[in-house]
Amino acid sequence: MKAIMITKERGPQISRHVYGHFSEHLGRCIYNGGYWVGEDSPIPNVRGIRSDIVEAMKAIRVPNIRWPGGCFADDYHWRDAVGPREERTPIVNVHWGGVLENNHFGTHEFMDLCEQIGCEPYICGNVGSGTVREMRDWVEYLSDDGQSPMAQLRRKNGRDRAWKIHMFGVGNENWGCGGFMTAEQYAMEFRKYATYIKNYEVMGKMNWWEAPDILKIAGGANAENTEWLEVLMRSVPSSLMKGVSVHCYVKPGEESSGTSFSDDSWYQTAVNTLKKEDAFLENLKIMDRYDPEKKVIMAVDEWGIWVDNEPGTNPGFLYQQNTMRSALCAALMLHIFHRHADRIRLANLAQTINVLQSILLTEGDRIVKTPTWHVFDLFKGHQDAESLMTVWENGPDIIEKGLPHVELSASVKEGRMTVTLVNLSTETNADIDIEVPDALPASASGRVLAGRPCDHNTFDDPEKVHSVPLEGIHANGHTLSVTLPPCAVAALDIALA
Ligand code: AHR
């Protein structure tokens, strides 16, 4: 029996925004089965937005959605997608499949989606092919409650009250699809663009240099490219740049099929996911050097496992299945975010519906919750909770490829403790004693998601992978004993006396 003690030492708060999602105009995320079905669709919808998707996202308390890209963001011109839908200018999605989009899902529809879900918008503006004025005007359009030309235009288009905008991305991957810029060049562009992103909520109520700012997030690089981050940290003051994005895609090793692989790929995915922490640490070191007070956040605003597209689907649509291996990647990555909660304050899983590591798959009027959706459901107690230090007293055992048998994370909020655990072994149960010092667990319950690494949900078998109550939790004084089945992700909800 291995023991773990959860110390009373409290770490930083885990921002709920690390549980964010990313929805790009890509494949079938927005159109063709995604959020937007239109008001006349037989699929139940509210103002054209699919209700089953909204309900599934509300259930896991999605805190924010990043939109409209991705690569798409730097080719997106927001004015083409506001006003009467039949008059909107279509756009060819040059990055993803070359499809013609009618722009019926634009600013108003995205903000409506966020309001229906009860989450915050995290809009990414166009630097690659846009202008400073276009971005400045978009922010005014969204958030000015006054008499500005953009506020008037918004009212003409049917929305009286301004929306609240607390975070804004200034371009995406501008080293690549966002304009192929050098880091130095982008840093200069960022300074210019960010200057004109204003907080209209407080405008006129205080001097702008004293006003609370919008969280302006610079487009970042992949976690391994620290040079880009270093240039940004060196070249842009924290008064302008409130966050830097870092992208982090995990490959499953040589066996990249979405549904058919050996247990070795499960272990390799765990290794590859945990290795990302080293990459984050390199980035964090740089950030600490330039910003020891941690004023600038790290936003991992694209992350997830990237496997093969499903056979027979449009290669530009990135439609991928989602297995217990995907759930493993999600659980381990969320634990990494918890461990660096003082700096990683925003993260967005790529990409919500029918694209990459989706939480939902759709086909016609049918919807499937993926194993990854279940991880977000199990982990939701961590949102905005204080992280807790965990220390092994004896353990964990080391299994294949030098991996720990069990990996875990703990937090506390309003007298309840959430402990999430991963059993990384595909063969062996894990018995664990969890010591909760200074508080007696008054009651504890748990849920567990388990299966074989390849298990996944399909439209014919949508409940093959789902969470069930974790039986056999024993409390003895300050100690809780649990047994996890192999290949499992679990969550304990502990009420403290
Ligand atoms: O998520 C798919 C693509 O991956 C995004 O559009 C881009 O930012 C990244 O390279």
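When reading the values below, keep in mind they use all heavy atoms of this one structure, side chains included, and skip hydrogens, waters and symmetry mates. Counting starts at 1 for both ligands and their atoms, in listed order.
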Candidate pair Thr372 and Asn322, rule side-chain hydrogen bond (donor to acceptor under 3.5 Å, both in side chains), full reasoning: CA-CA 7 Å; Thr372 302; Asn322 197 292; 2.8 Å; yes
Between Ser387 and His338, does a side-chain hydrogen bond (donor to acceptor under 3.5 Å, both in side chains) hold up when you go through it step by step? CA-CA 7 Å; Ser387 55; His338 296 174; over 6 Å; no
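Taking any N or O of Cys71, backbone or side chain, at least one lies under 3.5 Å from an N or O belonging to ligand 1. Among the atoms of Glu173, some N or O lies under 3.5 angstrom from an N or O of ligand 1. At least one N/O-N/O distance between Gln351 and ligand 1 falls below 3.5 Å.
Seen from the ring of Phe22, Arg66 counts as a face-on cation partner, given the 6.0 Å and 45° thresholds.
With a heavy-atom cut-off of 4.0 Å, Trp303 does not touch ligand 1 at all. Counting heavy atoms under 4.0 Å from ligand 1, residue Phe72 does not touch it at all. Of the heavy atoms in His95, none comes closer than 4.0 Å to ligand 1. Counting heavy atoms closer than 4.0 Å to ligand 1, residue Asn172 contributes side-chain atoms (C-beta onward) but none from N, CA, C or O.
By the 4.0 Å N-to-carboxylate-O rule, Lys369 lies too far from Asp377 to be salt-bridged with it. Ion pairing of Glu109 with Arg88 is present here, as a side-chain N (NZ or NE/NH1/NH2) and a carboxylate O approach within less than 4.0 Å. A salt bridge is absent between Arg50 and Asp365: the closest approach of a Lys/Arg side-chain nitrogen to an acidic carboxylate oxygen does not fall below 4.0 angstrom.
No more than 12 heavy atoms of other residues, nucleotides or ligands lie within 6.0 Å of CG in Asp40, so this atom counts as exposed by the packing criterion.
Considering only non-hydrogen protein atoms, atom 3 (C) of ligand 1 sits nearest to Trp96 CZ2, 3.7 Å. Of the protein's heavy atoms, Glu24 OE1, 2.7 Å lies nearest to atom 6 (O) of ligand 1. Looking from atom 9 (C) of ligand 1 to the surrounding protein, the closest heavy atom is Glu302 OE1, 3.1 Å.
Ligand 1 places these atoms under 4.0 Å from at least one heavy atom of Gly70: 5 (C), 6 (O), 8 (O). Residue-ligand proximity, Tyr249 to ligand 1, at heavy-atom distances under 4.0 Å covers atoms 1 (O), 2 (C), 4 (O). Within ligand 1, the atoms closer than 4.0 Å to a non-hydrogen atom of Leu356 are 1 (O), 2 (C), numbered from 1 in the order shown. Of all atoms in ligand 1, numbered sequentially from 1 with element shown, those under 4.0 Å from a heavy atom of Phe22 are 1 (O).
The ring-ring contact (aromatic ring centres under 6.0 Å, His included) search around Trp373 returns none, not counting sequence neighbours. Take Glu230 and apply the salt bridge (Lys or Arg N to Asp or Glu O under 4.0 Å) test, not counting sequence neighbours, and it matches Arg289.
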